[in-house]
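Order of the sequence lines sets the chain letters (A, B, ...), proteins ahead of strands, with each chain counted from 1.
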Amino acid sequence: MDLNLLNQEQRQAVEHTSGPLLVLAGAGSGKTRVLTYKIAYLMKEMNIYPSQILAITFTNKAAKEMKSRIRELVGEQANSLWMGTFHSIAVRMLRIYAERIGYKKDFVIYDTSDQKSILKRCMKELNISEESFPIKSTIGKISQAKNKMIGPDQFKHVYANEFTVESIYRRYEEKMFRNNGMDFDNIILNVIKLLKENEDIREFYKKNFQYVLVDEYQDTNKAQYEMISLLTKGKGNLFVVGDNDQSIYGWRGADIRNISEFEADFKGARVIKLEQNYRSTNNILDAANAVIQNNLYRKDKNLWSSNEKGEKIKYYDAADEYSEADFVLSRINSMINNGCSTKEMAILYRTNAQSRVFEERFRRYDIPYRVVGSMGFYGRKEIKDLLSYMRLIQNPLDEVSLLRIVNEPKRGIGNKTIEKLQEMANEFDVSLFEMIGRAYKEDIIGGKAGMGLKAFYETLRPYIQSKDDLKVTDIFDGIYRDSGYREMLEIENTLESQSRMDNIGELLSAITEYQMSEEEAKLEGFMESISLMSDIDRMDDDEIGVTMMTLHSAKGLEFPYVFMVGLEEGLFPTGRAFDNTLELEEERRLCYVGITRAEKELYISSASQRMIFGTRREYLVSRFVGEIPENLIEYLNGKKKKKSKDELSSKTDYLDKGMNPKSFEKKSTGNRIKAVHAGMKVKHKIFGEGTVVSVSGTDNKMAMIAFVDKGVKNLHIDYAPLVEVE
DNA sequence: ACACTGTGAGTTTTT
DNA sequence: CTCACAGTGT
């Protein structure tokens, strides 16, 4: 291990082995390197066992990568390190000790959409309307409270007059507990509870962990802070790395005070700054520095680099999102022709929805690409359904999953039956699943519904009983078959059901892969690995293609060529931040993160018009473009008169100016069909070309159309996006 | 019980 | 535009 590969500050950080240390690491200053070397140093020079080191990273992928780098330095013993995200570390502890806090050890993890359905049910039970308490904002409020460790009991002291939310919150937590489930916030809170209430466990871990390291410290929240301090207090060998200019998760409860008050919180803390950037050209760095300088609430630091000046930042001012995409694609195309690999390129945007136009262009140009995130594979219905089966097998108390699948495929079990069952389950104080068992056995519910319940119950029970002895793939295969799900899709035999079956096949290969990679592959383990996987974790590094993702997802990554797109007021920065300095500064940090992802070249672009919610709207150039000094920018299609900053000062201003949807009516698609006749050739926006087979309905508006490769569809011509061909 | 259809509402960002 | 859902008809 050669510490001479480190600069002076990096080396100091590595060699500091006693007491708390905060490393303020600017973008691209080699913090991963420091972390890697530090852990290796602790093991090799300080003779610390790997199992005595806890390292918390922001994604599981980061943990995996770091582990493999450490392995290069110290060998296989790196595998015994405790390394992962807050959530995965917490779950690891909870799997062992869940019973100490009243949970069962096979608890399940609820994601955001599960959260939503639990909350909905709570509100229904409490007779609270969704109009007055929108699901999203209510979840937000509850989550916010949890991040700050404010439980239902303390809620009213912090949020006065929010007693309705308080009652929802309380009911939600009860339900969560009764379901033997935890949402993401609960995972952290429950570990805190575990450590607080059980001295033996706390002392065990505290004694065990000689060193605790936390990456991306600027994005930790209060609960996470509490978790760390419970594990380190007293000993204080805590080593955190972060950059306040890259704090972009304030909306998720990240508390900047964790980093700004580190020295006060941990006595005798030392601070080391890493200010030399090894990643980007000087032009890129200067641009980033200039932009972030506009934030008033920040500690100044001076990122510098000995790299060359490099190319100027190239700015393209597009007419609309399509011409923006065309610009990006033509650039990418010529870069490819110049010998660049698509793996070196990334397109970064503010919102996931922006990827669509680019995807379409990539397909048209036939250039490989990959999209990170955006409700992909695991959000699909068939995947969620089958995972719900698996989850219910893992934990029969899980009502969320049960309700999702009890009538999927159709078993003749409707709302009425479910309601009855829920009432009875409450009355007898048993789980819904158990109630289902009783209901048909004791003939409480007969007829079609009773048969359905019997089928459902008897399909699942054997799997529940032997889940620990069965292979995960066997459980999956079996349940797919026995539940009738496969048959349902086979009978349906449409293009859609085909693709669903393909997706299920893909899920099976994911399970198989998991099973082969784990020594002891258990159902819980697999379910956990997918629930705690972030979008970045799902990204396959070997896959070729241009990477597309949100700026948030891009944190921690780097690419030689970066396209930062959609730089418009209202989109980036988002309109919601206009009247809030703190939020606006967070947007600016996000911009800073974006700029500093680029190593060699940075392209930025904006569109004057963009389609949003089906209407075309006009946008002004983002203030962030104006914040980059002109001498660093090459204006690819001329420089428009500067109008971003002066014209926009407040939200109302923005809404008044140029945002009149009427003046930008959608372009006519041309010969949109008004009437059809059999034999007519038509083109559908999604299904492509087809021939009208027959016409039906009042006014002959229903057309049965046979599409090339896509099968026969019944469509109403007033609604279907159809145009005539020839 | 369930399929269909019209309606209303929504886009930040994610472990 | 696109999705989810409430309401209606079978």
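Using a 4.0 Å cut-off, no side-chain N or O of T112(A) falls inside it from OP1 or OP2 of dT14(B). One finds a side-chain N or O of N352(A) lying less than 4.0 angstrom from the OP1 or OP2 phosphate oxygen of dT14(B). Between dT14(B) and T550(A), a contact under 4.0 Å exists linking OP1 or OP2 to a side-chain N or O.
The side chain of F613(A) approaches dG10(B) more closely than any other nucleotide in the set dG10(B), dT13(B), dA1(B). Comparing dT13(B), dT15(B), dA3(B) by their nearest atom to the side chain of K410(A) picks out dA3(B). Of all nucleotides listed (dT13(B), dT15(B), dA1(B)), dT15(B) comes nearest to the side chain of H87(A). Ranking dG10(B), dT13(B), dT15(B) by closeness to the T85(A) side chain, first place goes to dT15(B). In this structure, the nucleotide among dT14(B), dT15(B), dA1(B) sitting nearest to the side chain of T417(A) is dA1(B).
Nucleic acid contact for K120(A): sugar-phosphate only, since backbone atoms but no base atoms lie under 4.0 Å from a heavy atom of the residue. Among the heavy atoms of the strands, none lies under 4.0 Å from S88(A). Within the 4.0 angstrom heavy-atom criterion, no nucleotide atom of any strand lies near T59(A). When heavy atoms are screened at a 4.0 angstrom cut-off, R356(A) is found touching the sugar-phosphate backbone but no base atom. If you check every strand for non-hydrogen atoms under 4.0 Å, F86(A) touches nothing.
Of the residues near DNA chain B, T351(A) and P134(A), the one whose nearest nucleotide (by heavy atom distance) lies more toward the 5' end is P134(A). In this structure, G414(A) and T574(A) both approach DNA chain B, and ranking their closest nucleotides by distance from the 5' end singles out G414(A).
The separation between N60(A) atom CG and dT14(B) atom C1' is 13 Å, rounded to whole Å. Computed from coordinates, the R121(A) CZ to dC5(C) P distance equals 14 Å when rounded to whole Å. When the C1' atom of dT15(B) is taken as reference, atom CG of D111(A) falls 11 Å away, rounded to whole Å. Regarding N147(A), its CG atom lies at a distance of 16 Å from the P atom of dT14(B), rounded to whole Å. Between F58(A) atom CZ and dT15(B) atom P there is a gap of 7 Å when expressed in whole angstrom units. A straight line from NZ of K146(A) to P of dT15(B) spans 17 Å, rounded to a whole angstrom. Atom CD1 in I56(A) sits about 13 Å away from atom C1' in dT15(B), given to the nearest Å. The distance from atom NZ of K136(A) to atom C1' of dT13(B) is 10 Å, rounded to the nearest whole Å.
If you check the side chains of Y485(A) and D385(A), you find a donor sitting under 3.5 Å from an acceptor. For the residue pair S531(A) / E528(A), no side-chain donor-acceptor distance below 3.5 Å is found, with atom types taken as modelled.
Taking the ring centre of Y172(A) as origin, the terminal cationic atom of R121(A) falls outside the region bounded by 6.0 Å and 45° from the ring axis. Seen from the ring of F578(A), R623(A) counts as a face-on cation partner, given the 6.0 Å and 45° thresholds.
Across all their heavy atoms, A223(A) and I192(A) have their closest contact at O-CD1, 3.2 Å.
Applying the 5.5 angstrom centroid cut-off and the 30 degree plane-angle cut-off, the aromatic ring of Y249(A) is not stacked upon the base of dT14(B).
Close placement of the F58(A) and Y249(A) rings is indicated, their centers lying within 6.0 Å of each other.
dT13(B) and dA4(C): their C1' atoms are spaced 22 Å apart (whole Å).
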